[in-house]
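For reference, the structure is listed below as structure tokens.
On a predicted model such as this, the values are computed, not experimentally measured, just so you know. Only this structure's heavy atoms are used, side chains among them; waters, hydrogens and symmetry mates stay out. Each chain gets a letter, A, B and so on, in the order its sequence line appears, and its residues count up from 1.
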2 protein chains.
Amino acid sequence: MEHHVTRAAEAAAPTSSPMLRQTNLSLVLRHLRDHVSRSRADIAEATGLHRATVSNLVAELLERRLVRETGIEHVGAIGRPRRSVALHGAHVGALGLEINVDYISVHGSDLSGRVLVERRVGFDTMASGPDRSLRRLSRVAREAVEAMKRAGAVPAGLGVAVPGLVDVARGVVTFAPNLDWHDLPLAARLSTALGLSVPVMVDNDANLAALAEHTAGVAAGTPHLVYLTGEVGVGGGIIIDGKLLRGADGFSGEVGHLPVDPGGARCGCGRHGCWETKVGLAALVRMAMPEQPYQPVTDPEERATEIARGLAAGDRRMLAAVAEVGRWLGLGGSIVANLFNPRVIVVGGYFATLAEWLLPHAQAELERLVVAGPAAQCRFTASNFGFGAASRGAASMVINRLIDHPTTIMDPIPRLAAY
Amino acid sequence: MEHHVTRAAEAAAPTSSPMLRQTNLSLVLRHLRDHVSRSRADIAEATGLHRATVSNLVAELLERRLVRETGIEHVGAIGRPRRSVALHGAHVGALGLEINVDYISVHGSDLSGRVLVERRVGFDTMASGPDRSLRRLSRVAREAVEAMKRAGAVPAGLGVAVPGLVDVARGVVTFAPNLDWHDLPLAARLSTALGLSVPVMVDNDANLAALAEHTAGVAAGTPHLVYLTGEVGVGGGIIIDGKLLRGADGFSGEVGHLPVDPGGARCGCGRHGCWETKVGLAALVRMAMPEQPYQPVTDPEERATEIARGLAAGDRRMLAAVAEVGRWLGLGGSIVANLFNPRVIVVGGYFATLAEWLLPHAQAELERLVVAGPAAQCRFTASNFGFGAASRGAASMVINRLIDHPTTIMDPIPRLAAY
DNA sequence: CCTCATTAATTGATCGCCGAGACAAACGAA
DNA sequence: TTCGTTTGTCTCGGCGATCAATTAATGAGG
């Protein structure tokens, strides 16, 4: 069994004619992803390629069944009516998994974004240990693959989101404290367990959630954004110029333990005044409902909705607690905004659940602390993917790979004779 | 007079054959910049291009006089000896300027990095106002251009470093508090004043200092680095994947006013506990020599060397002050390291002057606070460009543009018949 | 001293891709 | 029905990279 562990992206600067071809195929695919359905002439104008070239490229994409003609547009305009094309690829799928502290989440879609599988199962990862967790994850993945095949789509890749430090190039989870995983070669083991001959890619959950928001979420198309996970811990995913920021060792976006209050309370990590101790779910629960201390096993989503009910009912102590957390959220957000200058900061997890009450305070504090002032337009926005953003982003990662390397992945060309 | 104000980088996705050609020319040039002198065969192997292709590309670069043959290497090895080529371009120059609070700095070099002009003149920018400052800047630039021409190099572009927020795409200084400049169209006005038909590029001083370190400094070749200016204020320049991070509005890297101590002293910006109030030169002077309060007009370099003398002599109060500043430097550095995960943090300005005493404390604090621990290898390093890093980076920016667009800039091909 | 093996660089042939312009197709307007 | 307009296809030429063969320049060995 050959392992298809994806190596580093290695920018693939087009040096030869075939590479140029691939770049242009990608260019057309990307345009179709971002604009749903356009005619060849539209694509030509938008990309700067010649009409003949676009026709040629689209023809190849049609043959590869990555694109389909959606019909003839009778808009009543003068001239020959345009024949629109759109992403097709109903036969190719992308599977995204997320394994987290207390659940495993799956998201499967085809190339055009149609959702084929969506599922979330409870699972106590830490208590199960790496081996049992891997078996469970494999089973969930296998079931999802079967379901996708039944829907007519064969997965072209598998993405996995993990809450921890990931060596993306080798597909190894270096350290995931909340899962108690150390140096686990997740990509290789999952690839073996599934027996699939498709690439397996692993990345940090916040990174992938950011990717999901960038691809299809509230910040779709925004080239500069930061995503913040809001659970017991707080993680960050950063997108710069439309690409994920990974840093020298793949450890970028570690916002949870930013020292925001050196004289503050002791954090679980041993340091003092970490941002998590101010804006983590445990901190909010401690302030908002001190009589009910936070239990690690509790589902964060459940706890968040409980607090939301209290807030809606006008509980003064809860409102004060949320205002306090909101201010700290804004302070941390200002750090991020001053360093990265993103257009939006998308907040997920419990931040999204309580956005209505949290974000006004956070936004005000952010604007007070951003150096560039109103010139740097940065706003907090709540994700509406809820707790499923990471698995969605894992699927997006697969689709991106497909779009960036349409030939390498879809070779050999499906023979039309078979139909 | 046509204004050559450089627009946004616009990634130049190579879509056509000429673009492919340009990409490969750049590829060869970049390799020669990074490896001084290699044979065609070496270049072919390193770039993955075919030997014949490299020969062809090198031939064109020779004709354009961007490259020269350095001679035949008789290394005693078997086989035909290699004929090395290296960057030449002695006839093309790059001019970098920096205008700061109390000086104007110039750095002129040719394509191969040979320094042709290096100069620093005192100038009180704030007191002079924008118009007189521009006239002074133009005169310095004009003199430098003349000096370069005498040395046989015609500037192919002009880069300007400014301590403030810069709209890079339009070449406008949005806001430079320390110069009291607002919305000044620096590129256009300088272009007019000089009457040169070459591009004028403007960027933030910390950005360009970072670029200088990345191109030729202590962090040469490191694709992920952060530069910190150490003066009265503290600025940051960030390089990700070998490229400058500019953010959505060009306001990234604003580290000076990171809120590191919400309960701390009031900063000049009106907020409390900004990083500058902990590690700015004024803060150090206040702690190290309280009987001699910091004067804004004093040359920072002079003050720094004064303190260095005291430290070398073992002044206990100064040592304690530097230790305190070093710890805060490490704390702020950990924020940067946790978010960007750079390989090195290069410190300039007075941080570099006092590196010997500052950095050990900073490094220890950094390592204590970085989440990824030893897995994320990030170390503080002192710049050895001193206070001239930004102008050097401005020149690098011009050279980078030349290397990235060898045809567009050097057209038409210099006729050999003219010699 | 001459030949051979070895590595470097060039030359000519070939293939692949994009771009230009002619051409066919499919409409609305008059 | 004819004309103008827009869309898409087709063919050809140009350009650029690869490939194979050739020339160039050396050291090793008999």
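Checking the phosphate oxygens (OP1, OP2) of D/dA17, a side-chain nitrogen or oxygen of B/N24 falls inside 4.0 Å. Side-chain nitrogen and oxygen atoms of B/R82 include at least one within less than 4.0 Å of the OP1 or OP2 phosphate oxygen of C/dA8. The shortest distance between the side-chain N/O atoms of A/S55 and the OP1/OP2 oxygens of D/dT9 is below 4.0 Å. When the side-chain nitrogen and oxygen atoms of B/T53 are compared with OP1 and OP2 of D/dT18, one or more of them lie within a distance under 4.0 Å.
Under a 3.5 Å cut-off, the side chain of B/D110 and the backbone N or O of B/S112 do form a donor-acceptor pair. Remark: side-chain polar atoms of A/H214 are not paired, donor with acceptor, to backbone N or O of A/A210 under 3.5 angstrom. At least one donor-acceptor pair under 3.5 Å links the side chain of A/S252 to the backbone N or O of A/L245.
As a whole-Å value, the separation of A/L49 CG from D/dG8 P is 15 Å. As a whole-Å value, the separation of B/M19 CE from D/dG14 C1' is 17 Å. We find that NE2 of B/H50 is positioned 16 Å from P of C/dT14, with the value rounded to whole Å. If you measure from atom CG of A/L57 to atom P of C/dC17, you get 10 Å, rounded to the nearest angstrom. Rounded to an integer number of Å, the gap from CD of A/E45 to C1' of D/dT6 is 12 Å. Rounded to whole Å, the distance from CZ on A/R38 to C1' on D/dT7 is 15 Å. Rounding to whole angstrom units, CD1 of residue B/I43 and P of C/dA8 are separated by 12 Å. In this structure, the CG atom of A/L27 is 16 Å from the P atom of C/dC17, given to the nearest Å.
Residue A/N56 is out of contact with every strand shown, counting any heavy-atom pair closer than 4.0 Å. Within 4.0 Å (heavy atoms only), B/R83 reaches sugar-phosphate atoms of the nucleic acid but no base atom. In this structure, B/A41 reaches the sugar-phosphate backbone alone: every heavy-atom distance under 4.0 Å involves primed, P, OP1 or OP2 atoms, never a base.
When each of D/dA17, C/dA22, C/dC18 is scored by its nearest atom to the side-chain atoms of A/S17, the top-ranked nucleotide is D/dA17. Looking at the side chain of B/S39, the nearest of the listed nucleotides D/dG16, C/dA9, D/dT6 is C/dA9. Comparing C/dG16, D/dA25, C/dC27 by their nearest atom to the side chain of B/P81 picks out D/dA25. Comparing C/dG19, C/dA22, C/dT11 by their closest approach to the side chain of B/S16 singles out C/dG19.
Comparing A/I72 and B/D42 against DNA chain C, the residue whose closest nucleotide sits nearer the 5' end is B/D42.
The base of D/dT7 sits within donor-acceptor range of the side chain of A/R80, with an N or O pair under 3.5 Å. You won't find any donor-acceptor pair under 3.5 Å spanning the side chain of A/R40 and the base of D/dG8, going by distance alone.
Between A/H88 and A/H91, the ring planes lie tilted relative to each other; the angle falls in the 30° to 60° range.
Closest approach of B/S26 to B/I403, counting heavy atoms only: OG-O, 2.8 Å.
Screening A/I239, A/V168, A/N400, A/I238 for a side-chain contact (heavy atoms from CB on, under 4.5 Å) with A/L244, the sole residue that qualifies is A/I239.
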